[in-house]
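Below, each value reflects all heavy atoms present in this structure, side chains not excepted, and no hydrogens, waters or symmetry copies. Just so we're clear, the structure is a prediction, and the values are computed from it rather than from any experiment. Each residue takes its place number in the sequence, starting with 1.
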Amino acid sequence: MGILRTAALVGLSGVGVGVASVGGGMAFLAGSTSLVPLTRDDPMCKGKTWKRYNPRENPAFKDVVIKAVPLSKIRPELRNDETALTLEFCRGIWSRWGFKVQSILHERYDHPPGTDDHLWNTSELAVAKYPKGLRFSNHFEVVENSGKEIVVRCGSSPLESGLRKSDGLIFLSAKIDPEQEQAVFYFKSAFFSSGAPKVKDAVNSIPSVDAFLHRWYVRILTQSAIKHVRE
């Protein structure tokens, strides 16, 4: 979690600079995005991708960031195409300032042999099509891309393809609501131990500091991505 903690802290500082203080940056993020805990009833937990990577149904720390943007502020070519909008949202997540620090840290300190086929630079991530199998930063792998939803596995190196002590999934999508004249973006994430033995009534717990930073970091990633889809 060292790289993620550093990236989250720097991200909060960056938002703070834009609004005069870290506290102001947090207030801005809280006011411009919604973060909602998810339950086992969420469709994310019912699909084949979830069952493939968490086959023991181990408990997960999971939530969703939701961001609504007026359609009038979205790039015209994206206003009627959810597939294109989802792809550009995904590109924005991984190519803009929200992910920049983490990308640099992975390339500098987490670049082992066997990762030459990974994407490492945000400039590459800004134009990638995110096909199934794409790997980047020795920490992420696209495991599903239906067009209207892109699923990225995280939590450990893609070189560790089996069940893991530290595992996670990110579900990215964008929906167009013509009645409300807005686009709604969803950043769902779940973290779990897929390799742990199944224990009845077990609960997922992560350090409180990591939970706190996660909640702000996913907001940062979402907010920074919106710049990629705006007119």
Will you find, in the side chains of N58 and S194, an N or O donor that is under 3.5 Å from an N or O acceptor?
no

Could you state the interatomic distance from CD (Q102) to OG1 (T122), rounded to the nearest 0.5 Å?
12.0 Å

Does R56 use its side chain to pair, donor to acceptor, with the backbone of A196 at less than 3.5 Å?
yes

Beyond-backbone contact of I226 with R230, side-chain heavy atoms, under 4.5 angstrom:
yes

Is there side-chain contact between V64 and M44, with heavy atoms separated by less than 4.5 Å?
no

Side chain E88, main chain H228, donor-acceptor under 3.5 Å
no

Rounding to 0.5 Å, atoms OH (Y217) and CG (D210) come to a distance of 13.5 Å

Separation between OG1 of T115 and CG of L159, rounded to the nearest 0.5 Å:
6.5 Å

Shared ILVMFWY cluster between L71 and L87, side chains joined below 4.5 angstrom?
yes

Single-linkage hydrophobic cluster, 4.5 Å side-chain cutoff, I170 and V229 together:
yes

I'd like to know if the side chain of R96 reaches the main chain of S224, judged simply by a donor and an acceptor atom lying under 3.5 Å from each other, with no hydrogens or angles considered.
yes

Donor-acceptor contact present, side-chain R219 to main-chain T33, <3.5 Å:
yes

Residues W50, F192; criterion ring pair (Phe, Tyr, Trp, His ring centres under 6.0 Å); working and verdict:
CA-CA 11 Å; W50 179 270; F192 46 88; 5.3 Å; yes

Test side chain to side chain contact (heavy atoms under 4.5 Å, CB included) on Q223 and L29; report intermediate values, then the result.
CA-CA 8 Å; Q223 183 63 37; L29 289 170; 3.9 Å; yes

Any salt bridge linking K62 with D42? Criterion: basic side-chain nitrogen under 4.0 Å from a carboxylate oxygen.
no

Do L105 and D110 have side-chain heavy atoms sitting under 4.5 Å apart?
no

With side chains defined as the heavy atoms from C-beta onward, is the minimum distance between L85 and F89 less than 4.5 Å?
no

Option among I93, V69, T86 that satisfies the side-chain contact (heavy atoms from CB on, under 4.5 Å) test with F185:
V69

Only counting residues at least two apart or in another chain, list the ones meeting ring pair (Phe, Tyr, Trp, His ring centres under 6.0 Å) with H118.
W120

Compare all side-chain heavy atoms of S137 with those of W94 and state whether any distance is below 4.5 angstrom.
no

Can you find a heavy atom in the side chain of F187 that is under 4.5 Å from one in the side chain of L172?
yes

Which heavy atom in K67 sits nearest to a heavy atom in T222, and how many Å separate them?
CB-CG2, 3.9 Å

With a 4.5 Å cut-off on side-chain heavy-atom distances among I, L, V, M, F, W and Y, is there a chain of contacts connecting V218 to L169?
no

How far apart are the closest heavy atoms of G114 and D117, and which atoms are they?
O-OD1, 3.8 Å

Atom NZ of K46: over 12 foreign heavy atoms under 6.0 Å
yes

Side-chain donor or acceptor of E124 paired with backbone N/O of N121 under 3.5 Å:
yes

Can Y109 be reached from V101 by stepping across I, L, V, M, F, W or Y side chains whose heavy atoms are under 4.5 Å apart?
yes

Within 6.0 Å of CG in N80, more than 12 heavy atoms from elsewhere:
no

Quick check: does any side chain N or O of S95 sit under 3.5 Å from a backbone N or O of R91, one acting as donor and the other as acceptor?
yes

What pair of heavy atoms forms the shortest contact from N138 to P112, and how long is it?
ND2-CD, 3.3 Å

Pairing of E231 and R79 as salt bridge, 4.0 angstrom limit:
yes

Indicate if Y186 and I220 have the same hydrophobic cluster label, given that clusters are the connected sets of ILVMFWY residues with side-chain heavy-atom separations under 4.5 angstrom.
no

Rounded to the nearest 0.5 Å, how far does CD1 of I74 lie from CD of Q182?
10.0 Å

Where is the tightest heavy-atom contact between G92 and A225, given as atom of each residue plus distance?
C-CB, 3.5 Å

CG (N54) and CZ (R164) are apart, to the nearest 0.5 Å, by 12.5 Å

Main-chain N/O of E57 paired to R40 side chain as donor or acceptor, under 3.5 Å
yes

Would you say the side chain of D167 lies within less than 4.5 Å of the side chain of R153, judging by non-hydrogen atoms?
yes

Pair Y53, E144 - check side chain to side chain contact (heavy atoms under 4.5 Å, CB included), show working.
CA-CA 12 Å; Y53 294 105; E144 197 65 51; over 6 Å; no

How about E181: does its CD atom have over 12 heavy atoms from other parts shown lying under 6.0 Å from it?
no

Measure up the Y130 and F136 rings against each other and bin them: parallel (under 30°), tilted (30 to 60°), perpendicular (over 60°).
perpendicular

Does some side-chain heavy atom of S189 sit less than 4.5 Å from a side-chain heavy atom of D63?
yes

In this structure, CD1 of I150 is separated from NZ of K129 (nearest 0.5 Å) by 12.5 Å

